[in-house]
Each structure stands twice: as C-alpha cells, then as structure tokens.
Amino acid sequence: MKDNMLFFKWAFSVIGALLGYLKPTVPFALICLAAVVLDCFSAWQLSKRVRKKYPDANDGKFKSKYASRVFSAIVKVYTLIVLAWFIDRIIIPTEAGWYLPNIVAGMFCFVQIWSFLENESSENGAKWARVLQRIMVNKAERHFDVPLNDILASGADSKTKQFN
C-alpha cells in the first residue's frame with residue numbers, strides 16, 4: 001500500500017512539473033480551442049439550415065464521428081504548439097524572435113475562421129453570404145449530401161424572385 005502511494009506521489013509530481021513547464025503554451029491552446037468551438041457551432045447551425053431546406057439530406061444532429069475529428073484536431077494542434085514551443089525554446093535561440101507557437105496558433109486559427117465563414121455563408125440567403133460564396137466553397141454538398149445542382153437551382157430561383 002505504501003509503495004502505491006509513493007508511486008502516485010512521484011507520478012503526480014512529474015505531471016505537475018511537466019504542466020508547469022508547459023504553462024506558456026496554455027494561452028495558445030485556449031485560443032485554438034475557442035476557434036474550434038466556434039467552427040463546430042457554425043457547422044451545427046449550417047446543418048440546421050440544410051435540414052430546413054432539404055429534409056431528406058441530413059438529420060441536423062452532431063454525430064460522434066465529427067466529435068472524434070474535433071478532438072483529434074485539438075490534440076494535433078496542441079501537440080504542434082508544444083513542439084513549436086520546444087523548437088523555439090531549445091533549438092532556435094530566443095534572440096532570433098521566431099515565436100513559432102504564435103505562428104502555429106495563428107495559422108490554425110486562420111483555417112478555423114475560414115471554415116467558420118464557409119459554414120456561415122453556405123445555404124444563407126444574405127447578400128454578404130452570396131459575396132463570400134464567390135470565393136468560398138458551399139459545404140452543403142460536401143458534408144450533407146445535397147447535390148450542387150439543387151443548391152445552384154435554389155440560388156437561381158431566389159435571384160429570380162428577388163428581381164421580380
């Protein structure tokens with residue numbers, strides 16, 4: 001019994017030391033986590049819009065396979081942030097001023113914000129959404145099995161109604 005307690009004491013000491021050492025990476029991880037949550041929320045809203053417009057296309061629910069992808073993305077980006085922090089701290093001298101964790105987190109957040117804007121502009125009739133759809137993909141076809149022809153046809157119908 002005493003040996004088990006000693007093991008746990010050492011294990012928690014090592015975990016605490018590691019967490020204390022990696023403390024500078026926590027703000028980057030939290031910002032990336034917020035970007036992922038925002039993207040997931042916008043994807044859920046998109047699925048609700050697609051469900052209203054095409055009832056047979058999807059059920060509008062968040063699936064566990066998507067949750068595993070989200071968790072995997074969070075683990076990967078945090079691992080990459082820690083690796084970048086180690087490279088910045090150990091391999092590249094601090095005087096160089098590369099700030100690799102900032103770059104990694106910034107690139108990841110850019111991709112998540114781009115995805116958020118794609119989600120918000122897909123199947124959205126607002127003028128700003130139509131402008132964004134000229135440069136971004138419509139995620140309804142890719143993620144919800146809605147044929148692009150149906151999307152384009154409904155877009156042409158709304159333009160016709162708009163001018164009549």
Side-chain angles (χ1 to χ4, degrees), residues 1-52 57-124 126 128-146:
M1 180 70 177
K2 200 170 189 173
D3 290 336
N4 287 342
M5 295 302 277
L6 186 61
F7 169 76
F8 285 119
K9 192 183 285 188
W10 276 99
F12 280 108
S13 296
V14 169
I15 291 170
L18 185 62
L19 289 176
Y21 189 69
L22 295 177
K23 183 183 174 198
T25 64
V26 171
F28 302 113
L30 292 176
I31 291 169
C32 291
L33 178 64
V36 168
V37 169
L38 181 67
D39 184 36
C40 289
F41 182 70
S42 67
W44 175 69
Q45 287 180 321
L46 172 60
S47 73
K48 295 293 184 186
R49 287 193 305 271
V50 169
R51 175 78 175 148
K52 279 183 183 176
N58 76 332
D59 56 7
K61 295 180 181 174
F62 191 72
K63 310 249 185 320
S64 61
K65 68 179 180 178
Y66 300 131
S68 67
R69 280 192 224 159
V70 168
F71 182 73
S72 174
I74 290 169
V75 168
K76 287 176 186 175
V77 75
Y78 186 64
T79 303
L80 191 58
I81 287 170
V82 169
L83 179 64
W85 184 75
F86 276 127
I87 290 170
D88 204 32
R89 179 121 187 210
I90 297 170
I91 297 175
I92 299 173
T94 312
E95 294 82 30
W98 284 67
Y99 304 109
L100 292 177
N102 299 49
I103 295 168
V104 168
M107 290 184 337
F108 182 80
C109 287
F110 176 79
V111 169
Q112 292 301 311
I113 291 169
W114 188 273
S115 177
F116 166 78
L117 289 172
E118 285 177 341
N119 289 337
E120 287 298 309
S121 65
S122 296
E123 296 304 308
N124 189 337
W128 65 268
R130 288 194 303 270
V131 170
L132 282 179
Q133 280 297 297
R134 291 179 177 259
I135 59 170
M136 295 181 163
V137 298
N138 190 318
K139 288 190 169 182
E141 179 183 31
R142 185 172 41 176
H143 294 290
F144 302 112
D145 298 326
V146 176

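Remark: the backbone N or O of Ser68 is not paired with any side-chain donor or acceptor of Ser72 at under 3.5 angstrom. Between the Arg49 side chain and the Trp44 main chain, no donor and acceptor come within less than 3.5 Å of each other. Looking at Ser115, its side chain never comes within 3.5 Å of a backbone N or O of Gln112 through a donor-acceptor pair.
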Checklist entry - Passes ring-ring contact (aromatic ring centres under 6.0 Å, His included), Trp85 versus Tyr78? Steps please. => result CA-CA 10 Å; Trp85 184 75; Tyr78 186 64; over 10 Å; no
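Nearest heavy-atom pair, Ile31 versus Cys109, reported as atom, atom and distance to 0.1 Å: CG2-SG, 3.7 Å. Taking each heavy atom of Ala29 and Ile81 in turn, the nearest pair found is N-CD1, 4.2 Å. The minimum heavy-atom distance linking Ser42 with Asn119 is given by the pair OG-ND2, 2.9 Å.
The CD atom of Glu120 lies 9.5 Å from the CG atom of Asp39; values are rounded to the nearest 0.5 Å. Annotation: the span from Leu19 atom CG to Ile15 atom CD1 amounts to 7.5 Å, rounded to 0.5 Å. If you take CG on Leu132 and CH2 on Trp114, they are separated by 8.0 Å, rounding to the nearest 0.5 Å. The NZ atom of Lys76 sits 14.5 Å away from the SG atom of Cys32 when rounded to the nearest 0.5 Å. Taken to the nearest 0.5 Å, the CG atom of Leu100 stands 9.0 Å off from the CG atom of Leu83. Atom CD1 of Ile74 is separated from atom CG of Leu33 by 5.0 Å, given to the nearest 0.5 angstrom.
Side chains of Ile103 and Tyr99 form no contact here, defined as non-hydrogen atoms less than 4.5 Å apart. The side-chain heavy atoms of Phe86 and Leu22, taken from C-beta on, include a pair separated by under 4.5 Å. Counting heavy atoms from C-beta on, the side chains of Val104 and Phe28 never come closer than 4.5 Å.
Residue Tyr21 places its OH atom among more than 12 non-hydrogen atoms of other residues, nucleotides or ligands, all under 6.0 Å distant.
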